[in-house]
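Here the structure is laid out as structure tokens; the discussion comes afterwards.
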Amino acid sequence: MGRTLSEKVWDEHVVRSNEGEPDLLYIDLHLIHEVTSPQAFDGLRLAGRTVRRPDLTLATEDHNVPTIDWDKPIADPVSKTQVDTLRRNTEEFGVRLHPLGDIEQGIVHIIGPQLGLTQPGMTIVCGDSHTSTHGAFGAIAFGIGTSEVEHVLATQTLMQAKPKTMSVTINGSLPPGVTAKDMVLTLIAHTGTGGGQGYIVEYRGQAIEELSMEGRMTVCNMSIEWGAKAGLIAPDQTTFDYIEGRPEAPKGADWDAAVAHWKSLVTDDDAVFDEEIVLDASEMTPFVTWGTNPGQGVPLGGAVPFPEQFEDDQDRIAAENALRYMGLEAGTPMREVKVDTVFIGSCTNGRIEDLRLAAEILEGHKVDPNTRLLVVPGSVRVRLQAQEEGLDVIFKEAGAEWRGAGCSMCLGMNPDTLEPGERSASTSNRNFEGRQGKGGRTHLVSVPVAAATAIRGTLSSPADLEPALTSTGS
Amino acid sequence: MDKFTTHTGVGVPLRRSNVDTDQIIPAVYLKRVTRAGFEDGLFAAWRNDPTFVLNNEAYAAGSVLVAGPDFGTGSSREHAVWALQNYGFKAVISPRFGDIFRGNSGKAGLVAAQVDEKVVQRLWDHLEEHPGATVTVDLESRTVRAGEGVDAIEDSFDIDDYTRWRLLEGLDDIGITLGNEADISSYEQTRPRWKPATIHAS
């Protein structure tokens, strides 16, 4: 019997396999940031251990860092200590670090692909659940806890029980204006937050093949939001074209050898998945969340649901709690929900294509006077690219705040947070209670919905906009 | 890591599903660089609510948390496990756990016991009827027990064999893996040369 893509990649990394034990898997790339690593380095020091492969390890500062005044010392002393600790640890253990102020600094899941370090067929881990992003390249990539970070630092391996396999086939083509984000939010509403639990998921089908690498990253990024261990997509010409020429991509004969191998990384025709889901992209529409987990979503054209619609007791109670927290009344059309802050950024939607799309919609418009728009590029390189293309001018003319690179308001570990009761439309990945600031209320949306919402002040799609004003040439 | 065989302690009924790790400990509490002292961030938002279960005297000293399905979804922060442990929890019972949370629990020595949803319902009812009642989590026999007589609750729980063995023995994963260092070295000899590196010999 044939093997699935994920089984092929898994098998290539098994260092040791014994009945009744998890497999010992080799890790090709270990990404590190300031929040989940200090205790791991401490553990190494206590045990007198070293980092086995600093050359397969990369660190950056992203979760805590400010997105304004990044050339000044970090104002929050506790954040500063954590960042300083990473700097000391990477120095002591010989790990490459891209600190705040460095041209390669940015969200860890943006800089891996950008540097060309993320490649097909790899195993990639990071102490961050959105590591699943890298699966877009046909890699097995997943988030780990700090004990596992320490394990990888010390051994370059992880003990892992082999997950089951699932395919998510998305047939047809996405309608115009509907994005990868809408696709994955639709999927999560279909499966619930636990639907992928215990599986490595392969996304396939025409709609997936038609996505750019950046769109594929958006889909794989949110694999964890429906509980999957990891999500991946078979590498193809789109993948190879994205990687070729990047700083850490193979060169010359190595490139040819790598591509030859990468082309073998597809699910065999006779392989069998443990579970299969099939969706039709052509029926998808802009999709937004109304609740406090990413599975609580509806089409933008829909309404806040009535809790009594849910047959399952737990779902009903969860919906009641969510509506109370979100300050929403059942039956309210989503388009009537007024938004205070719009956040465009994060490892889900903070790449250059996202910013181009946002700028295209915002050009010639003004942000609603009662709404604040924050545009936070995922990396310094994305920021510079956007500035080269003049996107920053469009954002600023529209009345948006154009910021520096980092995780920012996705989780509000830096000063970019919502006030209690404040409502956001956010291109990030989690609408959990308090995620963007204590008492903050988050609606997850795509980039076009975010941009249109900023202009209208209520949840909107670009189709709802009046024609753009002609530029005054000021 | 301390060995875990069986634990009996006050059961805390947390009648909620989808308790993500941002609820267990919000991001603002993750800035410490130690493994201790995270108990103040545990369920931080909910603890402001006087009706929250841990604010009830009878449950305040709880050590066995009984939660609804999809406990520990979301972020990979092991701080969620540490916060529960720092507070005094030894075990969490739920019908379904987030994958990373369950993995982190096993590494840090917190027992994540997966039971049938009906068992959670019965435990909730029992613990609410008898505030301060205890629950036993017996890792050796993989059973959870509570109550006495005709209303006694006893059922099995799921935990993978390997994690159970490591918890029973109190073993450190890294030590075990380094015992197979030769396997790692020989694997490294087989890696293709075109695999990327972050540091290049100058």
Side-chain angles (χ1 to χ4, degrees), chain A residues 15-16 20-22 24 26 28-29 35-36 38-39 54-58 64 78-79 81-82 85 96 116-117 119 127-129 143-148 150-151 154-157 159 161 193-194 197-198 227 229 248 250 254 257-258 261 293 314 317-318 411-413 430 432-435 438, chain B residues 15-18 20-23 26-28 30-35 44-46 68-70 73-79 81-82 96-101 103-104 107-108 117 160-162 172-178 180-181 183-184 186-188 191-200:
Chain A
V15 170
R16 200 183 140 82
E21 284 177 23
L24 189 63
Y26 199 80
D28 287 321
L29 179 64
V35 180
T36 56
Q39 297 86 353
D55 61 328
L56 303 182
T57 312
L58 181 77
N64 263 308
V78 200
S79 288
T81 301
Q82 202 165 53
T85 304
R96 172 172 156 190
L117 281 168
Q119 296 172 16
D128 187 283
S129 58
I144 57 179
T146 299
S147 293
E148 290 179 312
E150 185 180 339
H151 193 282
T155 71
Q156 203 57 36
T157 64
M159 289 196 204
T193 55
Q197 215 246 316
K229 174 80 184 174
E248 305 294 354
D254 282 347
H261 179 65
N293 74 56
Q314 293 293 339
I317 296 168
L411 84 169
M413 274 193 87
R430 290 193 175 131
F432 297 156
E433 288 183 23
R435 168 82 176 179
K438 197 171 176 180
Chain B
R15 245 183 220 274
R16 273 187 177 258
S17 60
N18 270 298
D20 56 76
T21 50
D22 276 75
Q23 303 320 307
V28 290
L30 308 185
K31 297 183 186 183
R32 280 197 198 91
V33 295
T34 61
R35 275 184 191 246
W46 296 340
D70 295 314
T73 53
S75 155
S76 65
R77 57 189 71 163
E78 194 164 320
H79 311 66
V81 174
W82 302 336
R96 194 164 57 204
F97 291 96
D99 251 338
I100 307 177
F101 176 86
N104 289 342
K107 306 289 176 193
E117 198 161 340
D160 74 86
D161 292 342
Y162 187 77
D172 156 36
D173 254 355
I174 298 176
I176 299 171
T177 300
L178 288 176
N180 300 313
E181 207 270 337
D183 293 337
I184 302 174
S186 56
Y187 177 87
E188 283 176 330
R191 296 182 76 235
R193 47 165 282 151
W194 44 260
K195 288 263 185 177
T198 58
I199 299 172
H200 307 278

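Reminder, nothing fancy here: chain letters follow the sequence lines and each chain counts from 1.
You'll find the side chain of A:Val35 stays beyond 4.5 Å of the side chain of B:Arg77, heavy atoms only. Side chains of A:Leu56 and B:Arg191 form a contact here, defined as non-hydrogen atoms less than 4.5 Å apart.
Counting heavy-atom pairs closer than 4.5 Å to chain A, the top residue among B:Thr21, B:Val28, B:Ile100 is B:Ile100. Per-residue counts of heavy-atom pairs under 4.5 Å with chain A were compared for B:Ser75, B:Ser76, B:Gly98; the largest is that of B:Ser76. Most heavy-atom pairs under 4.5 Å with chain B: of the set A:Glu433, A:Arg96, A:Glu248, this distinction falls to A:Glu433. Among B:Pro69, B:Gly175, B:Ala44, the residue with the largest count of heavy-atom pairs under 4.5 Å with chain A is B:Pro69. When each of A:Glu21, A:Gln156, A:Gln119, A:Lys438 is scored by its heavy-atom pairs under 4.5 Å with chain B, the top score falls to A:Gln119. Ranking B:Glu117, B:Arg16, B:Arg15, B:Arg32 against chain A, the residue ahead of the rest is B:Arg16, based on heavy-atom pairs under 4.5 Å. Of the listed residues (A:Thr57, A:Asn64, A:Ile317, A:Thr81), the greatest number of heavy-atom pairs within a distance under 4.5 Å of chain B belongs to A:Thr57. When the candidates B:Pro192, B:Gly74, B:Pro26 are compared by the number of heavy-atom contacts under 4.5 Å with chain A, B:Gly74 comes out ahead. Counting heavy-atom pairs closer than 4.5 Å to chain A, the top residue among B:Thr73, B:Thr34, B:Asp161 is B:Thr34. When each of A:Gly198, A:Ala257, A:Ser129, A:Pro38 is scored by its heavy-atom pairs under 4.5 Å with chain B, the top score falls to A:Ser129. The most heavy-atom pairs under 4.5 Å with chain B, out of A:Leu411, A:Asp128, A:Leu58, A:Val15, come from A:Val15. Annotation: maximal heavy-atom pairing with chain B below 4.5 Å, among A:Thr193, A:Thr36, A:Leu29, occurs at A:Thr193.
Residue A:Leu24 touches chain B through its side chain alone, counting heavy-atom pairs closer than 4.5 Å. Only the side chain of A:Asn293 comes within less than 4.5 Å of a heavy atom of chain B; its backbone N, CA, C and O stay farther away. Only the side chain of B:Asp70 comes within contact range of chain A, with at least one heavy atom under 4.5 Å from a heavy atom of that chain. Residue A:Thr85 touches chain B through its side chain alone, counting heavy-atom pairs closer than 4.5 Å. The contact between A:Thr157 and chain B is made entirely by side chain atoms (from C-beta outward), counting heavy-atom distances below 4.5 Å. In this structure, chain A has a heavy atom under 4.5 Å from the side chain of B:Arg96, while its backbone stays farther away. Of the atoms belonging to B:Asp160, not a single heavy atom falls under 4.5 Å from chain A. Residue contact with chain A, scored on non-hydrogen atoms closer than 4.5 Å, involves the side chain of B:Asn18 exclusively. Proximity to chain B (any heavy atom under 4.5 Å) is shown, for A:Lys229, by both the backbone and the side chain. Looking at A:Gln314, the atoms closer than 4.5 Å to chain B (heavy atoms on both sides) sit in the backbone and in the side chain alike. With a 4.5 Å cut-off on non-hydrogen atoms, A:Arg16 touches chain B through its side chain but not through its backbone.
Minimum interatomic distance between A:Leu117 and B:Pro196 (heavy atoms only, all atoms of both residues): O-CG, 3.5 Å. Here the closest non-hydrogen pair linking A:Gln39 and B:Val33 is NE2-C, 3.5 Å. Contact detail for A:Ser147 and B:Lys107: the closest heavy-atom pair is CB-CB, 3.5 Å. Contact record, B:Ile174 with A:Ala154: CG2-CB, 3.8 Å, taken as the closest heavy-atom pair.
A search for side-chain contact (heavy atoms from CB on, under 4.5 Å) contacts involving A:Ala318 returns A:Gln296, B:Ser17, not counting sequence neighbours. Applying the ring-ring contact (aromatic ring centres under 6.0 Å, His included) test to A:Phe432 and every residue at least two apart in sequence or in another chain returns nothing.
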Problem - From CA spacing to verdict: side chain to side chain contact (heavy atoms under 4.5 Å, CB included), B:Glu78, A:Glu148 - result: CA-CA 10 Å; B:Glu78 194 164 320; A:Glu148 290 179 312; 5.9 Å; no
Practice task
Decide yes or no on side chain to side chain contact (heavy atoms under 4.5 Å, CB included) for B:Asp20 and A:Arg435, but give the supporting numbers first.
Solution key: CA-CA 10 Å; B:Asp20 56 76; A:Arg435 168 82 176 179; over 6 Å; no
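Of the possible polar contacts, one joining the A:Gln82 side chain to the B:Leu30 backbone as a donor-acceptor pair under 3.5 Å is found. Panel note: side chain B:Glu188, backbone A:Tyr26; no donor-acceptor pair is recorded below 3.5 Å. Side chain of A:Gln197 to main chain of B:Phe97: a donor-acceptor pair is present (N/O by atom type, distance under 3.5 Å, no hydrogens or angles).
Atom CG of residue B:Asp173 and atom CE of residue A:Met159 lie 4.5 Å apart, to the nearest 0.5 angstrom.
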